[in-house]
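Note that this is a predicted model, so its numbers are computed, not measured.
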Amino acid sequence: MTQFDVVPVSARLAEKPVSLLQFARSAGRNMLEVIPAETLRETYVRGPLNIHYFCDPEMITELLVGQGRSFPKAKFTKDIIGSAVGNGLILSEGEKWRQQRRRYSPLFAARNLPVLSRHFAETGTEVAESLAEHQGPVDIAQVAPASTLTNISRVIFSGNKEVSSEQIRVGLIKYFEYISDISLFDLMGLPKWLPRKKWIRSMAPVSTMRDLARQVIEQRRSENRVEPQDFLDFMIEALKTDFEDEETTVDNLLTFVVAGHETSANALAWGYYLLALNPEMQARIRHEIRSVRSDGPIEFSDLESMPLLRAHIKETLRLYPSAAFFARDASDDVEIKGVEIKKGDALFFPVYSLHRNEKLWEAPEQYRPERFLGTSFPRGQYIPFGDGPRICIGAQYAETEIMVLMASVLRRIEFSFADAEMPEPVLTFTMRTSGPLILNANKARDSD
């Protein structure tokens, strides 16, 4: 199969109006199926009932940064993931959110990234060695999350004497399976006392991870390390001068676990897929990586000398944003560019459509990483991590993790297409592949 046989896969959006029941039923399976295809062609679409779809950069900026900056997360978002992440940074509002944002912002400062990058590089080296040892077809949709899961174990749960790495691995896998099972009742906004299907399986995955989180926090605090060695150390250091109750700390630890696992994993999987689709670009990026760091662990300081790799990752997040959709509830009446928004209206931001909107992008369906070299775009047009006060606190952390992992792997491994069907994008908790993403992984030549 050659690069000319395949074009980047895209999602099938809704070509016809979707009823509320269809919306709830389809959204639980694949949120992309209920987003109007019109959002790829128009920058504002009025949905049924009180729903608005925004793909206009100016309107988005006004709603996330300007008049609507204090609008709360949508109720159905809280219903879907609230039981898993509690009232941590993702879902808290008002003063509680402001306190947490202020408390945790230093964790994600650039000064901490060199330490964390060493853990990412160790994982990347292991992945590259494993792929080199077992060449041939591999499901990259399994390899990518396994690598970010390993990173989580290293930067949060490592060095714990009471909890084994296998306990953490199994616990996290079950935890992610639980939160990815979206309830139809939650999407429809039905009362919380109505039984959900996932209740039959019990909330054991959540309670297990909360127990494990408490254990590692307590043990790490007792160690009282002089110099922080990983993310959990930085987190505990921040809490020494800014106290919060234990349950909120557990909420936030799990929030960072959730936000930092699938999002990065999806970007890696789609990124490898795009490079298999574009072997010439893959060779150029490999040459760039090798010219900066031919051997040894990739370091944080190396990344600024890899602009093409960074552009590739940005283009990957444009075509396949992990957070492909988010929503707000209007808490006041506002008017933006002639559009009246009433208190209680649902404000939908289909990032997938925004990033592929034909009025905003040249050749929006095509993979062109060069568009991110030496070019800037209007605010609100490219928002893989959101925008405004609630922009993803870990955006730089995520970009660093993805770059270090990908650089470590691409330096040694060449990806190409196997004789397998390509999956489509599916959006539940994050935008993932609809099934296995099989690529050939072989040792790259010593020179490109």
Side-chain angles (χ1 to χ4, degrees), residues 20 23-24 27 31 34-35 44 46-56 58-105 179 182-183 185-193 244-245 247-248 251-252 254-256 258-259 263 321-336 339-351 354 379-380 383-395 427-430:
L20 182 61
F23 178 95
M31 190 73 184
V34 302
I35 296 174
Y44 169 76
R46 182 63 196 256
L49 301 175
N50 64 339
I51 295 174
H52 306 259
Y53 292 91
F54 297 100
C55 288
D56 181 301
E58 292 180 0
M59 298 177 81
I60 289 170
T61 301
E62 191 62 39
L63 287 168
L64 298 181
V65 185
Q67 295 181 68
R69 60 183 286 141
S70 62
F71 287 176
K73 293 279 182 84
K75 181 180 180 298
F76 76 81
T77 302
K78 298 176 181 179
D79 289 341
I80 290 169
I81 64 172
S83 62
V85 300
N87 201 24
L89 199 54
I90 287 182
L91 297 183
S92 59
E93 302 285 353
E95 185 56 30
K96 184 176 179 65
W97 169 81
R98 279 187 286 274
Q99 288 175 356
Q100 293 182 64
R101 184 82 183 198
R102 185 173 60 247
R103 183 177 299 135
Y104 287 111
S105 288
I179 63 176
I182 296 177
S183 167
F185 287 6
D186 286 335
L187 284 166
M188 295 182 71
L190 298 182
K192 297 303 291 182
W193 51 264
E244 72 178 3
D245 65 273
E247 288 308 299
T248 301
D251 287 344
N252 277 308
L254 293 181
T255 292
F256 298 145
V258 169
T263 49
S322 297
F325 176 94
F326 63 92
R328 298 281 188 272
D329 290 336
S331 54
D332 286 301
D333 294 349
V334 295
E335 182 177 328
I336 302 172
V339 173
E340 290 189 2
I341 299 169
K342 300 295 184 183
K343 182 178 180 179
D345 281 1
L347 314 180
F348 285 0
F349 300 88
V351 180
L354 169 70
R379 187 167 190 174
I383 55 170
F385 298 103
D387 199 359
R390 301 200 73 140
I391 191 171
C392 176
I393 194 173
L427 176 60
T428 52
F429 179 65
T430 58

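- Qualifying salt bridge (charged side-chain N to carboxylate O under 4.0 Å, His left out) partners for R98, counting only residues two or more places apart in sequence or in other chains: E95.
- No side-chain heavy atom of P384 sits under 4.5 Å from any side-chain heavy atom of S322.
- Counting all heavy atoms, side chain and backbone alike, R379 lies closest to T61 at O-OG1, 3.2 Å.
- Note that CG of D332 is 6.5 Å distant from NZ of K343, once rounded to the nearest 0.5 Å.
- V339 is linked by a side-chain contact (heavy atoms from CB on, under 4.5 Å) to Y44, H52, M59, I341, counting only residues two or more places apart in sequence or in another chain.
- In this structure, F54 CZ and L63 CG are separated by 5.0 Å, a value rounded to the nearest 0.5 Å.
- Scored by the ring-ring contact (aromatic ring centres under 6.0 Å, His included) test, Y104 finds F256 as partners (sequence neighbours excluded).
- Closest heavy-atom contact between I336 and E62: CD1-CG, 3.7 Å.
- To the nearest 0.5 angstrom, I90 atom CD1 is 5.0 Å from T255 atom OG1.
- Taking each heavy atom of F325 and L427 in turn, the nearest pair found is CB-CD2, 3.5 Å.
- Distance SG/C392 to CD1/I383: 12.5 Å, rounded to 0.5 Å.
- Counting heavy atoms from C-beta on, the side chains of T248 and K96 come closer than 4.5 Å.
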Legend entry - Verdict with reasoning, D387 to I60, per side chain to side chain contact (heavy atoms under 4.5 Å, CB included): CA-CA 9 Å; D387 199 359; I60 289 170; 5.8 Å; no
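- Looking at every heavy atom in both residues, R328 comes nearest to F349 through CG-CE1, 3.9 Å.
- Nearest heavy atom pair, residue A327 against residue F348, reads CB-CD1, 3.6 Å.
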Inset, instruction - Let me see the working for R390 and E93 under salt bridge (charged side-chain N to carboxylate O under 4.0 Å, His left out), right down to the final yes or no. - result: CA-CA 10 Å; R390 301 200 73 140; E93 302 285 353; 3.1 Å; yes
Legend entry - Derivation and outcome, side chain to side chain contact (heavy atoms under 4.5 Å, CB included), residues Q100 and D251: CA-CA 11 Å; Q100 293 182 64; D251 287 344; 6.0 Å; no
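- Here the CH2 atom belonging to W97 is positioned 13.0 Å from the CG atom belonging to L91, to the nearest 0.5 angstrom.
- Within the model, atoms CD1 of I51 and CZ of R46 stand 9.0 Å from one another, a figure rounded to the nearest 0.5 Å.
- Across every non-hydrogen atom of R101 and P389, the tightest pair is CZ-O, 3.4 Å.
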